[in-house]
Amino acid sequence: MGAGKWKDGMRRLGEKTLAWKLPALSPAFCAGLAGTLAGGLFAQGMGLFNKFSWHDDIFSLFMTGTAVPLGRWMLYVFAEMEKWFYGNGHFSLPAVNGMIGLICIGLSAGLLASFFRIRSRTLSALLGAVMAAFPVVTALFGFMYTAHYYLMALLMVVGGGILVCGDGGWGRKIAGTLLCGCGIGVYQAFLPVLLMLVLISQIRVLCLREESSADWAKRLLIQALCVAGVMGVYFAGSKYFLWKTGLQLDDYLGIDEMVSAPLTAYLARVGRAYREFFLPTHFSLWDMYPQSLYNLYRLMLCLDLLLGGFWILRIRRKSRFRAVMLGVMLALVPLGCNFIFVMSEKIHSLMVYGQVMQVLLLVCLADWTETPAPAFHRAVSCGTALLLAVSSLMYIRYDNQCYLKTAFQQQEAISWNTTLVSRIESAEGYRDELPVAFVNRDRMSDRNLHNLTEFDFIRLAAYEMDIQGYLNDWAWERFLANWCGFQPEFADGRAAADWPEVQAMPCYPDDGSIRVIRDTVVVKFLDPDEGTGKADGG
């Protein structure tokens, strides 16, 4: 009898748990997750199943890089948790870290589709595909050592934002605030994602709910307080971990001045956010819409404006207040998407994932649209699906172009450096205990290098360098050690440059550019007053 009661109690508890937790497992959630994994494998497969490692990644193969001094205190916590969980140090593993990241994007896409009640499985799946193929993800995979942490932060911000914007009580609001604060503590650039979640949730209420102006204002005030609480959690965590570690905020990308700029500067940044939304000129946004994708972006804006106007006119018949507020919320969308331009003046392409949220807005507006003429709704849904399908295809192609460029350049750099090592070890008088001095270290050049000019249009972070930049990267010595197995004792190249024997030497790769002088192997690269000798392709 006791066992029967226990089983019956567990069954009722399970039913309650399912009723509370699993509305997310709707067809929209499953479609969003499936679309992410399918699109993500096509877009990011080369990054998942190959090891591309240079720049920051080659330096941070076995560590997470700078965390607390950059205000990313939760990144430090994640790193410590991972070290404890696996029982050893950190590793930059593309298949493991990348798949964790894709799953996090898929869960985020599924939660968004489910929360906003997207009825079309096609639109839900395409939303996930765009979120996985968006170039920010490709850029993150160029820094694979922290890619999974950053995308876990995205899931935290999306999940926390849904708790903040949902209909639950204060317990859920507080939990969502804490979750978002921790997510921002991994990467501050996800704050625009939260702001867009708030805006789109308000747009949804105005479009689909019959709610009094007082109730709507109360809802907006609560969500604004939660966003303020998120920033409070972030700054409190940053202060605590700076105190605990005895470190100070770095000046990298203006992080130490994020909230200390004068008011006039912030007003100018707000104007910049709007300008870049409608007429993107900053390279970080051009990275998101390369080539024909820019035309699709403009078409997306036109659809947003058309559907937004449709909804304003529709609800104006019922409530002028709601129509005005809907116009205000839609007018704030450019600021929400590009809020990173308000946060900092120094932006790069890893920082603009907020842009993908306008895709969510378009999906919502298209899916919610209903009129007495079903043909209009079908046209809007099919047109939006076609736009997103073509965008996904173009993003997938662009992502693979980035990886292809890196594959060629990494192999060329390995080959070039292997030849360099062979020539060093073949120099007359060479002994492996001798230190090696690289003169003009940042002027490595070779007129016979093959620079693939077909990839010159790629400027995405982690993939923007040509072969010259690849060779002269700041982490080149680590590249030489990891990929070519050569890690000698390094001597001061600047001091060796003043030796008369060195000044008389030709520059690499010419004969005589590598010599043993004063018990030092000297390798002389291009003199600063000479041309670059940069390869022009062919």
Side-chain angles (χ1 to χ4, degrees), residues 22-43 102-103 105-134 158-159 161-162 165-166 193 196-197 199-209 293 296-297 299-312 314-315 326 329-330 333 337 355-396:
L22 298 186
L25 296 182
S26 62
F29 176 88
C30 297
L33 177 59
T36 300
L37 296 179
L41 287 175
F42 279 109
L102 281 185
I103 290 170
I105 298 174
L107 294 174
S108 299
L111 287 172
L112 290 171
S114 181
F115 177 70
F116 289 109
R117 290 179 168 79
I118 307 301
R119 293 165 297 180
S120 170
R121 299 182 188 182
T122 301
L123 289 178
S124 298
L126 288 171
L127 171 65
V130 172
M131 289 181 66
F134 204 63
V158 168
I162 287 173
C165 297
V193 174
M196 283 297 296
L197 249 174
L199 284 175
I200 297 174
S201 71
Q202 291 299 321
I203 291 170
R204 173 192 166 202
V205 170
L206 290 167
C207 290
L208 302 181
R209 288 192 180 184
L293 273 160
L296 295 179
Y297 172 72
L299 182 57
M300 187 183 303
L301 291 184
C302 291
L303 274 175
D304 279 333
L305 291 173
L306 175 66
L307 294 174
F310 167 83
W311 275 104
I312 290 174
R314 181 174 182 176
I315 67 175
L326 177 57
M329 293 297 104
L330 290 171
V333 166
C337 280
Q355 280 280 314
V356 83
M357 295 298 284
Q358 64 180 304
V359 178
L360 172 65
L361 175 62
L362 176 60
V363 167
C364 290
L365 292 176
D367 190 73
W368 298 338
T369 299
E370 287 185 349
T371 66
F376 177 76
H377 176 67
R378 285 197 299 270
V380 169
S381 296
C382 292
T384 302
L386 179 62
L387 175 61
L388 295 186
V390 175
S391 298
S392 300
L393 175 63
M394 289 190 172
Y395 277 132
I396 288 170

Worksheet entry | Residues that Arg209 engages under side chain to side chain donor-acceptor pair (under 3.5 Å), provided they are two or more places apart | Asp167
Response to the item:
Sequence neighbours excluded, the answer for side chain to side chain contact (heavy atoms under 4.5 Å, CB included) partners of Thr36 is Ile105, Ala109, Ala132
Worksheet entry | Check: Leu330 and Ile312 side chains under 4.5 Å, non-hydrogen atoms | yes
Response to the item:
Sorted by chain and residue number, the side chain to side chain contact (heavy atoms under 4.5 Å, CB included) partners of Ala34 (sequence neighbours excluded) come out as none
Item to complete: Grab the two heavy atoms, one from Val359 and one from Val130, that are nearest each other, plus how far apart they are.
Response: CG2-CG1, 4.1 Å
Worksheet item: Angle class for the Trp368/Phe116 ring planes (parallel below 30°, perpendicular above 60°, tilted otherwise)?
Response: tilted
Practice prompt. If a pair satisfies salt bridge (Lys or Arg N to Asp or Glu O under 4.0 Å) and one of its residues is in residues 374-392, list it, with sequence neighbours excluded.
Written response: none
Fill in: salt bridge (charged side-chain N to carboxylate O under 4.0 Å, His left out) involving Arg119 - partner list, sequence neighbours excluded
Asp367, Glu370
Side-chain atoms of residues 388-396: list all donor-acceptor pairs with protein atoms under 3.5 Å, sequence neighbours left out, distances to 0.1 Å.
unit_1 : atom_1 : unit_2 : atom_2 : d
Ser391 : OG     : Leu387 : O      : 2.8
Ser392 : OG     : Leu388 : O      : 2.8
Tyr395 : OH     : Met288 : O      : 2.9

Worksheet entry | Those residues that, when tested against Leu199, pass side chain to side chain contact (heavy atoms under 4.5 Å, CB included) (two or more places apart) | Met196, Met329, Leu332
Discussion item. For Arg204, is the CZ atom crowded, meaning more than 12 foreign heavy atoms sit under 6.0 Å from it?
Written reply: yes
Worksheet entry | Residues forming a side chain to side chain contact (heavy atoms under 4.5 Å, CB included) with Ser381, sequence neighbours excluded | His377
Worksheet item: Which residues satisfy the ring pair (Phe, Tyr, Trp, His ring centres under 6.0 Å) test with Tyr297, sequence neighbours excluded?
Response: Tyr289
